[in-house]
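Have a look at the structure below, then the notes.
In each ligand, atom 1 is the first atom listed, and ligand 1 is the first ligand listed. What you are looking at is a predicted structure, and each value in this text was computed from that prediction instead of being measured. Residue indices begin at 1 and follow the sequence shown.
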Amino acid sequence: MRAAISEAELEPDLFTVEAAALAAARRMHADGHASGEAQRRVLGELIVHYERLMRETRRLIGRSDRAERDMHLLNRQLQTLAGQLEYRATHDPLTGALNRGAVIDHASRCLAQGDMALIVLDIDLFKQVNDDFGHPAGDGVIQAVVDCLKELLGQETAIGRVGGEEFSVVWPTSSRDDAAAIAQRICDTVGRQRHAAPITRAITVSVGLSWNRAGTAFETAYSHADQALYQAKREGRNCVRQWLES
Ligand SMILES: Nc1nc2c(ncn2[C@@H]2O[C@H](COP(=O)(O)OP(=O)(O)OP(=O)(O)O)[C@@H](O)[C@H]2O)c(=O)[nH]1
């Protein structure tokens, strides 16, 4: 029976010519009586193949360096793209504030870890702002309110735009007084803000606050803050109301 064919027999030898030149050189080296002419011929063959191998090796190294650089570049572009996609998926395009989904995620994580205030604010009589000054000016007001919140609360604070002219602030704190104080500062600071032309009047916000123990569900925290916000609207706007257990 015929013996199994070895892998080496199946694989074509990439270096047949070079191997032959090497074998000839070996034989020449072992033969102490070869003529000088025969030695020069075998050495010449060896030089030709050796130089070709060096050229090819350099070319392959260059190609693999380029491929590695291309891969690094591609990797960086992918990371940038992933960052941009992540940003777009979690932020409001007009203001750069967190979008509703991102606020829910963030607030839910905070509530799982500790006590937290949820502050919701809504621009007062905003329809009138749009009607009097135009929709683009209204957009400018929305942006200005978010900028004001960022400046007041810091870039690290989770500030969200959860509706057209409604915003939320996630404020982890174990102190109900601290939560009430920050809600009042928000109301006062936004109300004092000056707006660019064509806006010619003060823009105020109504603020609802719920202070929540760790473990509270986001829906509960939001519903309580929302009820407080509508109380603030009912009771004259430009004020803060806190949800209190009855
Ligand atoms: N410019 C602009 N307007 C928006 C945007 N989203 C919602 N609005 C407008 O915001 C206005 C909200 O009006 P309402 O809900 O009636 O409330 P309001 O006039 O602010 O009155 P109160 O909330 O009761 O103080 C509507 O006219 C919407 O068209 C937006 O992205 N840009």
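- Taking a cut-off of under 4.0 Å to the non-hydrogen atoms of D139, the atoms of ligand 1 that pass are 1 (N), 2 (C), 30 (C), 31 (O), 32 (N).
- Counting heavy atoms from C-beta on, the side chains of D132 and T200 never come closer than 4.5 Å.
- The side-chain heavy atoms of F126 and I203, taken from C-beta on, include no pair separated by under 4.5 Å.
- When only interatomic distances are considered, the shortest N/O to N/O separation between F126 and ligand 1 falls below 3.5 Å.
- Proximity of atom 24 (O) of ligand 1 to the protein is indicated by at least one non-hydrogen atom lying closer than 4.0 angstrom.
- Ion pairing between a basic and an acidic side chain is recognised when a charged N comes within 4.0 Å of a carboxylate O; K127 and D131 show such pairing.
- Residue I142 has no N or O atom closer than 3.5 Å to an N or O atom of ligand 1.
- Residue, atom and distance of the protein heavy atom nearest to atom 22 (P) of ligand 1 are K233 NZ, 3.5 Å.
- Counting non-hydrogen atoms of neighbouring residues, nucleotides and ligands closer than 6.0 angstrom, the CZ atom of R26 reaches no more than 12 such neighbours.
- Among protein heavy atoms, atom 15 (O) of ligand 1 sits closest to E165 OE2, 4.4 Å.
- Ligand 1 is approached by R161 to a heavy-atom distance shorter than 4.0 Å.
- Of all atoms in ligand 1, numbered sequentially from 1 with element shown, those under 4.0 Å from a heavy atom of D124 are 25 (O).
- Looking only at side-chain heavy atoms (C-beta outward), V240 and I119 stay at 4.5 Å or farther from each other.
- Those atoms of ligand 1 that come under 4.0 Å of a heavy atom in D122, given as number and element, are 23 (O).
- Listed by atom number, the atoms of ligand 1 under 4.0 Å from G138 heavy atoms are 1 (N).
- Of all protein heavy atoms, the one lying nearest to atom 3 (N) of ligand 1 is N130 ND2, 2.8 Å.
- In summary, the atoms of ligand 1 found under 4.0 Å from a heavy atom of R237, numbered by their order in the structure, are 22 (P), 24 (O), 25 (O).
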| request: Give the intermediate values and the outcome of side chain to side chain contact (heavy atoms under 4.5 Å, CB included) for residues Q143 and V146. | output: CA-CA 5 Å; Q143 288 168 322; V146 170; 6.0 Å; no

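- Here is the list of ligand 1 atoms found below 4.0 Å of a heavy atom in L125: 18 (P), 19 (O), 20 (O), 21 (O), 22 (P), 25 (O).
- By the 3.5 Å distance cut-off applied to N or O atoms, K127 is counted among the residues near ligand 1.
- Evaluation of the side-chain hydrogen bond (donor to acceptor under 3.5 Å, both in side chains) test over residues 107-123, restricted to residues two or more places apart or in two chains, returns D115-R213, D122-K233.
- Residues I61 and R58 form no side-chain contact, since every pair of their non-hydrogen atoms from C-beta on lies 4.5 Å or further apart.
- Results of the side-chain contact (heavy atoms from CB on, under 4.5 Å) test with L118 over W243, F218, W171, W211 single out F218 as the only residue that passes.
- Annotation: side chain of D147 is not in contact with side chain of E151 (no heavy-atom distance under 4.5 Å).
- Of all protein heavy atoms, the one lying nearest to atom 7 (C) of ligand 1 is G164 CA, 3.7 Å.
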